[in-house]
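These notes concern the structure reproduced below.
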Amino acid sequence: MTTTAVAPLTTADAETLVTAAVEAAEKAGVTVSVTVLDAGGHLLAFRRDDRAVLISGETSTCKAYTALQLNTPTADLVDAVQPGGLFHTLPTALDRPLLFIAGGVPVRRDGRLIGAVGVGGGAPEQDHGFATAAAESLA
C-alpha cells in the first residue's frame, strides 16, 4: 500500500485561518478570539481582540481542541453531551477539557486532518460560521 504524505498545517496557513475568521466576524459586527492548532494539538496561532470577552480566548482554544480530538465540528457534538447522549459520561482524561459548544472545526487537506480552528466571542452559531469560513479559506 502506498501512502501519500499530506503537507502539514504551517504558520502561514494558521495566519490565513485567523484572518479569514476575523474578517467573517467583523462583517457580522462581532469581536472574536481565534485559536489554530496543528494535528498534534500544538498552538500555531492565537488572536484575542482586546474588545472581546476575556474568556473567549480559552473558549476558542477548547473548541479547537475538541474539534481536533474528535475530528468533528463541535456544532455536531452538542446533542452528544445531553443526558442519554453518546458523550454524556465521557471522561476528561485529556490534558485540556473538551468543550461541546459550536465554534470548533477540524481543518483538512486532501481529506486528512491537519489541525483545527476554534472561534469564541459570538453566539455559538456565529462562531461556527466564522470557524467554517476560516477552514474553507484553505480549500
>> Under 4.0 Å between a side-chain nitrogen and a carboxylate oxygen: does that hold for D49 and R51?
In response: yes
>> Can you pull out every side-chain hydrogen bond (donor to acceptor under 3.5 Å, both in side chains) where at least one residue sits in residues 12-21? Sequence neighbours excluded, please.
In response: T10-D13, D13-R109
>> Contact between V107 and L17 at the side-chain level, heavy atoms closer than 4.5 Å - yes or no?
In response: yes
> Can you name the closest pair of heavy atoms from G40 and L68 and give their distance?
Replying inline: C-CD2, 4.4 Å
What pairs of donor and acceptor atoms, side-chain ones from residues 128-139 against any protein atom, are under 3.5 angstrom apart with sequence neighbours left out?
from, atom 1, to, atom 2, distance (Å)
T132, OG1, H128, O, 2.8
S137, OG, A134, O, 2.5

> Between Q69 (side chain) and T66 (backbone), is there a donor-acceptor pair under 3.5 Å?
Replying inline: no
>> Give me each pair satisfying salt bridge (Lys or Arg N to Asp or Glu O under 4.0 Å) with a member in residues 16-41, each pair once, sequence neighbours excluded.
In response: none
> What pairs with S56 under side chain to side chain donor-acceptor pair (under 3.5 Å), at least two apart in sequence or on another chain?
Replying inline: S33
> For the atom pair OH (Y65) and OG1 (T74), what is the distance rounded to the nearest 0.5 Å?
Replying inline: 14.5 Å
>> Just to verify, which of I101, V105, V119 counts as forming a side-chain contact (heavy atoms from CB on, under 4.5 Å) with D127?
In response: V119
>> If the condition is side chain to side chain donor-acceptor pair (under 3.5 Å), which residues does S60 pass it with, not counting sequence neighbours?
In response: T35
> With R108, which residues qualify under salt bridge (charged side-chain N to carboxylate O under 4.0 Å, His left out), at least two apart?
Replying inline: none
>> So which atom in L9 and which in V36 form the shortest heavy-atom distance, rounded to 0.1 Å?
In response: CD2-CG1, 3.7 Å
> Which pair of non-hydrogen atoms, one from L113 and one from P106, has the smallest distance, and what is that distance?
Replying inline: CD1-CB, 3.6 Å
> Can you list the residues that meet the side chain to side chain contact (heavy atoms under 4.5 Å, CB included) rule with T72, with sequence neighbours excluded?
Replying inline: D76, L77
